[in-house]
Protein chains: 2
Amino acid sequence: MSKRKLTIRDISVATGLSTFTVSRALNGAAGVSEESRRQVEKVARELGYVPNRAAQGLRGAPRDSVAVIIAGTSNAYYLDLMSGIQRTMQQKDVTVVLMDIAVNGVYDADLEDRVIQRLLESRMAGVISTLTLKPESLALLASWDLPIMFVDSSPPREAPHLPSVTTDNYNASLLVGEHLAQHGYKNWLFLVYPERWSTRFDRERGLRDAARQHGAEITVLESENDAAAARATLATYLDRAGPWPDVLIAGNNPLLLGALNLLRSRGTRVPDDLGVVGYDEFAWAPLIEPSLTVLNERSEEIGGLAAETLLEIIEEQSRAVKRGEAGAPEYLPRHQRQVPVDLLVRRSCGCHPPLDRTSDLVASGKASRSTTNHRTKKGPADRV
Amino acid sequence: MSKRKLTIRDISVATGLSTFTVSRALNGAAGVSEESRRQVEKVARELGYVPNRAAQGLRGAPRDSVAVIIAGTSNAYYLDLMSGIQRTMQQKDVTVVLMDIAVNGVYDADLEDRVIQRLLESRMAGVISTLTLKPESLALLASWDLPIMFVDSSPPREAPHLPSVTTDNYNASLLVGEHLAQHGYKNWLFLVYPERWSTRFDRERGLRDAARQHGAEITVLESENDAAAARATLATYLDRAGPWPDVLIAGNNPLLLGALNLLRSRGTRVPDDLGVVGYDEFAWAPLIEPSLTVLNERSEEIGGLAAETLLEIIEEQSRAVKRGEAGAPEYLPRHQRQVPVDLLVRRSCGCHPPLDRTSDLVASGKASRSTTNHRTKKGPADRV
DNA sequence: CACCCCACCCTAAACGTTTAGGAATCGCTT
DNA sequence: AAGCGATTCCTAAACGTTTAGGGTGGGGTG
């Protein structure tokens, strides 16, 4: 079964043409007659020739891989994100490499270093990161002219010009706050992940502004970014002395899951004893008891947008290099985008929508990327 | 910011040592004095040297990437699988490349060809596939001596010796069937994905055997492998003339989701009008209304096991090559493993467990890989 | 017929690393 | 003092591509 690896030279001798001609022919480049090209292609196919990517990469720089950095795979939200990224990348024939900088589910700084190193060694074309990286990492990437793109996480304070695609987290929070105020909630509890995931910043700011504006109290409770930690953190908090909150806002789905688990096991009734609102729509949300009021983040669209933007930056960069200019990637203001959100009102916040129409499968994710409506969607019987 | 890319030669002139010495020093190989090694490492660090993986790969074959093939990212189950694979791989410093052979969420045969091609071009060390590949693909991989491993999918009929790690699907189905029989269900409906995902085979066989054994009728209803298709397929089926089923068994979670959506929108009561059972435990299952009775697949463990096995095969292969033997990977019987399952009994099947203890976060996934109990877990108040 | 241009093709060098084969040095044994 | 083995290092050749720079021949133009 096993056959010796064929090189371009084998095709060369088999056709009687030079390696130059073979190479041009296979790459569809100019300077080869139609006849030669056809012959080369025929022989290559018959012999089962497969080019060696390493050798190609050595000479020119057909850097055609992009790395996606995540920390922990517990959040199903990343699936949609990846789906959007993949969809775009595979059209352009770019390989996506998923790199996890979490060990046993929690972020690890040393691993971040090693992964960045890996990235450079394999001469990736660009990086998409779902969390804010260390300044050293960014400096390293910059010194290698490697374009980076933040997705669902904003660039760090030290480098606010870096490109990013996020949900419009600030307005999303205002939207949530407004809805909570309509319910008359006065004592909000925001259960949230660490600042390493920088969406935290805008989400918190929006909620705080909303609380101030509507005269509510808000407490921010930080937990590690997974369900088990969220459950433990919330348990400790609720056991303390102090006023019981009206409503719980979960910063993302792992935290929401942890919180709901705790509430369920303690027999706390939602929304009667405590209202609950979450940040990311997901497929099962309408089927939970009670059905969950959440923001409708358009993860797949965000992923796709990030991928497109990154590819654009990479292309512009390689064009500049070809013109003999400096190789640093050029980041423009339009490379920073925010995607609007709506609030999917279900029952966990205290509303009583009649039949949950939002559970229509067509509407959730895949299909419609049309409506950019920025207001709260209310069912006809949406009494507050 | 931008600096010229450093080569090993730059380190060579900076230290006054030859490229040979530098290379050996950086790789920790023998034949270099401690003093030289230290100096090389120091200079390399100061100058910010990063080796070029492409060039390394060109000479020797430090093939240190493994591809994971999936089709569609809609099933959150893959997250756990990937998590298990990553955990193992990153310990051994192996890069995992995720390759999707679905376009817009559905399997695409042409894309499979292109992805396999890509795989060969980049000289991957091995492949883990979550679905049964085309015979041509397998032949191609074999002719390149590329080890393949099936995870959560069995090897195809043409090559039953290929290694795999799956849940014990046959016994899992028997377990389900036994439980359904205890409920007295006589008319089962099995909603299932296409045979391309080969777990279908054992799952169906187990259910059929169980039905025969307990004197029940079973209907197998095939749907494409996503929620929207499942919903549509089920709708059409239920609208036909004919007896209404007692109980619905969903072949995996996307199908379960589609089914539940349909039932909810039609007002069908679960489990009163129709019992429901699913195949993969997931984090939200205890919180759904009604809480879902599902099998407890240990996806992360399966992923980890598959990764370990593949690495073992790869290592054995490269040892054999070093000994001058043939390069074909050697597949042994012990490379085929089946992981046992238990049934998590909740309410959707018609049972009434008291408080859902299975919602403890520690138990679901991450932590305990201890119990290999193969029987049905029953709560004290588990009345049938 | 001299000239130029173009299409097609070739030879040879380059990319950044590893490695085969050998040379130099040193200390030790005879 | 010669011989030897071990240690440390070097030179040069490989790996499989792409590409710079040049060569050939044929057709059109003066």
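Here the structure is a predicted model, which means the values were calculated and not measured.
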**Q** Is any side-chain N or O of Thr21(A) closer than 4.0 Å to OP1 or OP2 of dC10(C)?
**A**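 It does, given that an N or O in the side chain of Thr21(A) lies less than 4.0 Å from OP1 or OP2 of dC10(C).
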
**Q** So does Asn52(B) get a side-chain nitrogen or oxygen closer than 4.0 Å to the phosphate oxygens (OP1/OP2) of dC15(C)?
**A**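 For dC15(C), neither OP1 nor OP2 has a side-chain N or O of Asn52(B) closer than 4.0 Å.
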
**Q** Do the side chain of Asp64(A) and the main chain of Val94(A) share a donor and acceptor less than 3.5 angstrom apart?
**A**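 Here the side-chain-to-backbone pair does not exist.
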
**Q** Polar-atom pairs under 3.5 Å, protein N or O versus N or O of nucleotides 25-27 of chain D: list them with distances, or write none.
**A**
none

**Q** Of Arg123(B) and Arg37(B), whose nearest nucleotide on DNA chain D comes first from the 5' end?
**A**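 Looking at the nearest nucleotide for each, Arg37(B) comes out on the 5' side.
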
**Q** Looking at dG16(D), dC9(C), dC9(D), which one has an atom nearest to any side-chain atom of Ser33(B)?
**A**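 Per side-chain heavy atoms of Ser33(B), the pick is dC9(D).
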
**Q** Ignoring hydrogens and geometry beyond distance, is the side chain of Arg59(A) in donor-acceptor contact with the base of dT17(D) at under 3.5 Å?
**A**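 Answer no: no donor N or O sits under 3.5 Å from an acceptor.
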
**Q** Looking at dT8(D), I'd like to know if its phosphate oxygens (OP1 or OP2) sit under 4.0 Å from a side-chain N or O belonging to Ser36(B).
**A**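 Indeed not, no polar side-chain atom of Ser36(B) lies that close.
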
**Q** Kindly write out the residues that satisfy side-chain contact (heavy atoms from CB on, under 4.5 Å) with Thr130(A), not counting sequence neighbours, or none if the list is empty.
**A**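 Ile70(A), Tyr78(A), Leu81(A), Val151(A).
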
**Q** Rounded to whole angstroms, how far apart are CD1 on Ile8(A) and P on dG16(D)?
**A**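 In whole Å, dG16(D) P and Ile8(A) CD1 are 11 Å from each other.
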
**Q** Whole angstrom is fine here: how far is it from CD1 in Ile11(A) over to C1' in dT17(D)?
**A**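 It works out to 13 Å between those atoms.
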
**Q** Go through it in stages, so that I can follow the logic: the residues are Leu131(A) and Phe150(A), the test is side chain to side chain contact (heavy atoms under 4.5 Å, CB included), and I'd like the CA-CA distance, side-chain angles, deciding distance and then a yes or no.
**A** CA-CA 7 Å; Leu131(A) 70 166; Phe150(A) 291 95; over 6 Å; no

**Q** Five pairs per end, C1' atoms only: what is the angle between the end axes of the helix from dC1(C)-dG30(D) to dT30(C)-dA1(D), to 10 degrees?
**A**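 That helix has its two terminal axes inclined by roughly 60°.
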
**Q** In chain order, what residues pass the side chain to side chain donor-acceptor pair (under 3.5 Å) check against Arg334(B), with sequence neighbours excluded?
**A**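 Here the qualifying residues are Glu312(B).
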
**Q** Expressed in angstrom and rounded to an integer, what is the separation of Leu58(B) atom CG from dT18(C) atom P?
**A**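 From Leu58(B) CG to dT18(C) P: 11 Å.
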
**Q** Starting the side chain at C-beta, find the nucleotide from dT17(D), dT8(D), dC8(C) nearest to Thr7(A).
**A**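 When the side chain of Thr7(A) is considered, dT17(D) is the closest of dT17(D), dT8(D), dC8(C).
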
**Q** Touch check for Ser18(B), heavy atoms < 4.0 angstrom, all strands: base, sugar-phosphate only, or nothing?
**A**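 The residue Ser18(B) makes base contact.
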
**Q** Ser12(B) side chain to Ile8(B) main-chain N or O, any donor-acceptor pair under 3.5 Å?
**A**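 Not at all, since once roles are kept as given, no pair shorter than 3.5 Å links the two residues.
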
**Q** Using modelled atom types and a 3.5 Å cut-off, is there a donor and acceptor pairing between side-chain atoms of Glu41(A) and backbone atoms of Leu26(A)?
**A**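 No; zero donor-acceptor contacts below 3.5 Å.
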
**Q** According to the salt bridge (charged side-chain N to carboxylate O under 4.0 Å, His left out) rule, which pairs have a member within residues 12-40 of chain A, sequence neighbours left out?
**A**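 Applying salt bridge (charged side-chain N to carboxylate O under 4.0 Å, His left out) to every pair that reaches into residues 12-40 of chain A, excluding sequence neighbours, yields Glu34(A)-Arg37(A), Glu34(A)-Arg38(A).
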
**Q** Can you measure Asp64(B) atom CG to dT18(C) atom P for me and round it to whole angstrom units?
**A**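 Taking atom P of dT18(C) as the reference, CG of Asp64(B) is at 12 Å.
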
**Q** Rounding to an integer number of Å, can you tell me how far Leu26(B) CG sits from dC9(D) P?
**A**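 The distance from CG of Leu26(B) to P of dC9(D) comes to 14 Å, rounded to the nearest Å.
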
**Q** Between P on dT17(C) and CZ on Arg9(B), what's the gap in Å once rounded to a whole number?
**A**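 Going from CZ in Arg9(B) over to P in dT17(C) covers 10 Å.
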
**Q** For the pair made of OH in Tyr49(A) and C1' in dG16(D), what is the distance, rounded to whole Å?
**A**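 It works out to 7 Å between those atoms.
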
**Q** Can you tell me if Ser198(A) uses its side chain to pair, donor with acceptor, with the backbone of Ser154(A) under 3.5 Å?
**A**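 Answer holds: yes.
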
**Q** Do the side chain of Ser83(A) and the main chain of Leu79(A) share a donor and acceptor less than 3.5 angstrom apart?
**A**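 Looks like no, no N/O pair under 3.5 Å.
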
**Q** Atom CZ of Arg24(B) to atom C1' of dC10(D): distance rounded to whole Å?
**A**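 In whole Å, dC10(D) C1' lies 13 Å from Arg24(B) CZ.
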
**Q** Tell me which donor-acceptor pairs under 3.5 Å the side chains of residues 105-114 of chain A have, and how far apart each pair is, sequence neighbours excluded?
**A**
from	atom 1	to	atom 2	distance (Å)
Tyr107(A)	OH	Glu112(A)	OE1	2.5
Asp108(A)	OD1	Asp110(A)	N	3.1
Asp108(A)	OD1	Leu111(A)	N	2.8
Glu112(A)	OE2	Lys134(A)	N	2.9
Glu112(A)	OE2	Ser137(A)	OG	2.6
Asp113(A)	OD1	Lys134(A)	NZ	2.9
Asp113(A)	OD2	Lys134(A)	NZ	3.3
Arg114(A)	NH2	Gln90(B)	O	3.4
Arg114(A)	NH2	Asp93(B)	OD1	3.3

**Q** Choose from dA20(C), dA20(D), dT17(D) the nucleotide whose nearest atom is closest to any side-chain atom of Phe20(B).
**A**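 Selected nucleotide: dA20(C).
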
